[in-house]
Amino acid sequence: MTAPVGTPTREDGGPYCDQCGAPDSVAGHDRCAARRELEPPRFCPACARRMVVQVDPVGWRARCSRHGERTSS
């Protein structure tokens, strides 16, 4: 997945938490880190929009209307 030009990005995708949608610069994402081990992302890390998530027995797919699809490894 590539972000549009001008969108801030980092190694894992963006400046927002993929579990709660809050900016990553805000403290208090300990619970989000624990949820990340078991659950797919719910918010786009590039724009914080709620993503459409589909979970199946072998993985997950999450789609942002602006930044495309992410999948589990």
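Predicted model only: the values in this text are computed from it and were never measured.
Listed by chain and number, the residues in a side chain to side chain contact (heavy atoms under 4.5 Å, CB included) with Ser72 are Trp60 (sequence neighbours excluded).
Considering only heavy atoms from C-beta on, Cys64 stays 4.5 Å or farther from Glu69 through its side chain. Inter-residue side-chain proximity for Asp24 and Cys17 is flagged as met; some heavy-atom pair is nearer than 4.5 Å.
Applying the salt bridge (Lys or Arg N to Asp or Glu O under 4.0 Å) definition to pairs two or more places apart or across chains, those involving residues 42-58 are Glu39-Arg42.
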Mind running side-chain contact (heavy atoms from CB on, under 4.5 Å) on His29 and Cys20 for me, showing each step along the way? CA-CA 9 Å; His29 289 285; Cys20 70; 3.4 Å; yes

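Here the shortest heavy-atom pairing between Val53 and Pro40 reads CG1-CG, 3.6 Å. When every heavy atom of Cys44 is checked against every heavy atom of His67, the shortest pair comes out as SG-ND1, 3.5 Å.
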Validation: residues 30-38 side-chain donor-acceptor distances under 3.5 Å, sequence neighbours left out:
residue	atom	partner	partner atom	Å
Arg35	NH2	Gln19	OE1	3.3
Arg36	NE	Asp18	OD1	2.9
Arg36	NH2	Asp18	OD1	2.8

